[in-house]
Number of protein chains: 2
Amino acid sequence: MKLDLQDIEARFRRHDVRLTRQRAAIYAALVETTSHPSADDLYRIVTRQQPMMSRNTVYYTLSVLRNAGLVREVNVGHDMARYDGNVSMHHHLICLGCGQIMDVMDEELNRLHLSSGQARGFDVLGHRVEFHGYCVSCQQVHRNVSPRRR
Amino acid sequence: MKLDLQDIEARFRRHDVRLTRQRAAIYAALVETTSHPSADDLYRIVTRQQPMMSRNTVYYTLSVLRNAGLVREVNVGHDMARYDGNVSMHHHLICLGCGQIMDVMDEELNRLHLSSGQARGFDVLGHRVEFHGYCVSCQQVHRNVSPRRR
DNA sequence: TGCTATGTAGGAATCATTCCTGTCTAGCGA
DNA sequence: TCGCTAGACAGGAATGATTCCTACATAGCA
């Protein structure tokens, strides 16, 4: 999704996040892609326009945006953290071959819940579903190539 | 679940894993607990009986057992990896306060699947469901105490 | 029992992430 | 519009879980 600066400013204001050039660039890059980039991917994208930006700023900004609820962290195995600019409830479909992550929007999955017996008194706030498999282009080779570690 | 050496030997043989003192101890510790310990937790448990065991051996053994399908890795956010000796299909309920992980066995959750439209040609091999919330003892304090990072 | 492929221990290396510190700036109030 | 100050940024150092390297030890077959 393409965002202009007005949109970003409005969202930041709504979530009480101070607007800076760096933050706007990082957030815009994240919302404009569906590829669930890592902090380092974002660093590489954003330094194309702002070569002075520090890798620390990317990490710090991502933690600010995450705490503000503007961004979500996605973890696949123990690979580096990846980020998602889509914070509406959704789930993920992950390729064990190339690591790509696709969004899954499905009302039924959103409605899953635990029986009270299973919940053991937990106050359950949310859930996530991950599907694992091989994408079309990895299917031909996945018997020959070992999956990514973890 | 309590395992004796015979059981372990049989399982290792079935999965083509060479039996050593170190491996038996690590695997036994993992199967006997329901707490989903980290590599370091296991190192601490196992060195009580075998003080010479190296942390590397724990990591290497866990990777051998994981590849053999005797052990499963559980990742919660970006905390250190945790391990599960229960490899039957099940899901997890995770406390955002103290980090404890409870097993959830539920046939309905096991049967989830994607519509072919959502699957985008993926060859889907499995899925995982994670529920997040606060356990009974963390519920009293969870408005005062900030959740563990991520 | 001896041989050899494989496992183990210990130490060094890796690398994503976090911490520290001095400088800079967004955005409020005057 | 200007000055102030809390909060943000950059750069470098530190951290810490995990992996790599290598020499020695051992499981388990012949």
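Worth knowing before you read on, the calculation uses all heavy atoms, side chains too, and leaves out hydrogens, waters and symmetry mates. By convention in this document, chain letters (A, B, ...) are assigned in the order of the sequence lines, proteins followed by strands, and residues within each chain are numbered from 1.
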Worksheet item: To the side chain of Thr57(B), which of dA9(C), dC9(D), dT17(C) is closest?
Response: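 Nearest to the side chain of Thr57(B) among the choices is dA9(C).
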
Worksheet item: The side chain of Thr61(A) lies closest to which of these nucleotides: dC9(D), dG10(C), dT17(C)?
Response: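 Of the options given, the side chain of Thr61(A) lies nearest dC9(D).
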
Discussion item. With a 3.5 Å distance limit and no angle check, can you tell me whether His15(B) reaches the backbone of Ala10(B) through a side-chain donor-acceptor pair?
Written reply: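 Looks like no, no N/O pair under 3.5 Å.
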
Atom-pair distance ([atom1] on [X]; [atom2] on [N]), nearest Å:
X: Arg23(A); N: dA10(D); atom1: CZ; atom2: C1'; value: 14 Å
X: Tyr60(A); N: dG11(D); atom1: OH; atom2: P; value: 17 Å
X: Ile26(B); N: dT8(C); atom1: CD1; atom2: C1'; value: 10 Å
X: Tyr83(A); N: dT17(C); atom1: OH; atom2: C1'; value: 9 Å
X: Asn75(B); N: dA17(D); atom1: CG; atom2: P; value: 14 Å
X: Asp16(A); N: dA6(D); atom1: CG; atom2: P; value: 17 Å
X: Arg55(B); N: dA9(C); atom1: CZ; atom2: C1'; value: 13 Å
X: Glu73(A); N: dT17(C); atom1: CD; atom2: C1'; value: 11 Å

Worksheet entry | By ring-ring contact (aromatic ring centres under 6.0 Å, His included) - contacts of Phe122(B) (at least two apart) |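 For Phe122(B), no residue satisfies ring-ring contact (aromatic ring centres under 6.0 Å, His included) once neighbours in sequence are set aside.
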
Discussion item. Taking the side chain as everything from C-beta on, heavy atoms only, tell me whether His92(A) gets closer than 4.5 Å to Asp84(A).
Written reply: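 Side-chain contact under 4.5 Å: yes.
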
Worksheet item: Quick one: does Val124(B)'s side chain get under 4.5 Å of His113(B)'s, heavy atoms only?
Response: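 The answer is no; the side chains never approach within 4.5 Å.
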
Worksheet item: In terms of hydrophobic clusters joined by side-chain contacts under 4.5 Å, are Val74(B) and Met102(B) together?
Response: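 No, Val74(B) does not connect to Met102(B) through the hydrophobic network.
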
Discussion item. I'd like to know if Leu30(A) and Ile8(A) are part of one continuous hydrophobic network [Ile/Leu/Val/Met/Phe/Trp/Tyr, side-chain heavy atoms within less than 4.5 Å].
Written reply: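 Yes, one cluster joins them.
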
Item to complete: Show your reasoning for whether salt bridge (charged side-chain N to carboxylate O under 4.0 Å, His left out) applies to Arg11(A) and Asp7(A).
Response: CA-CA 6 Å; Arg11(A) 291 193 190 187; Asp7(A) 297 327; over 6 Å; no

Without placing hydrogens or testing angles, list every side-chain donor-acceptor pair under 3.5 Å for residues 104-112 of chain B, not counting sequence neighbours.
{"residue": "Asp106(B)", "atom": "OD1", "partner": "Glu108(B)", "partner atom": "N", "Å": "2.7"}
{"residue": "Asp106(B)", "atom": "OD1", "partner": "Leu109(B)", "partner atom": "N", "Å": "3.1"}
{"residue": "Asn110(B)", "atom": "OD1", "partner": "His91(B)", "partner atom": "NE2", "Å": "3.0"}

Worksheet item: With a 3.5 Å cut-off and no angle check, do the side chains of His36(A) and Asp103(A) form a donor-acceptor pair?
Response: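 Yes, a side-chain donor-acceptor pair sits under 3.5 Å.
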
Fill in: Presence of Tyr59(B) side-chain N/O under 4.0 Å of dT19(D) phosphate oxygens OP1/OP2
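No, no such contact exists.
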
Worksheet item: Does His78(B) have a side-chain nitrogen or oxygen under 4.0 Å from the phosphate oxygens OP1 or OP2 of dA16(C)?
Response: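 For dA16(C), OP1/OP2 do not have a side-chain N/O of His78(B) under 4.0 Å.
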
Worksheet item: What is the minimum heavy-atom distance between Leu5(B) and Ala24(B), and which atoms define it?
Response: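 Taking every non-hydrogen atom into account, CD1-CB, 4.1 Å.
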
Worksheet item: Which of residues 35-53 of chain B have a heavy atom under 4.0 Å from DNA chain D?
Response: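 Here the set is empty: none.
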
Worksheet item: Under the side-chain contact (heavy atoms from CB on, under 4.5 Å) test, which residues partner Val46(A), sequence neighbours left out?
Response: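 Result, side-chain contact (heavy atoms from CB on, under 4.5 Å) vs Val46(A): Ala25(A), Ile26(A), Ala29(A), Met53(A).
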
Worksheet, complete the sentence: The contact string for nucleotides 20-30 of chain C, one letter per nucleotide 5' to 3', using protein heavy atoms under 4.0 Å with B, S and - for base, sugar-phosphate only and none, comes out as ------BS---

Discussion item. Taking CZ in Arg13(B) as the centre, count heavy atoms belonging to other residues, nucleotides or ligands within less than 6.0 Å. Is the count above 12?
Written reply: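 12 or below, so no.
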
Worksheet item: Using rotation axes that map the C1' atoms of four end pairs onto the next four (five pairs an end), what angle separates the end axes of the helix from dT1(C)-dA30(D) to dA30(C)-dT1(D), to 10°?
Response: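 For the helix from dT1(C)-dA30(D) to dA30(C)-dT1(D), the axes at opposite ends meet at about 40°.
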
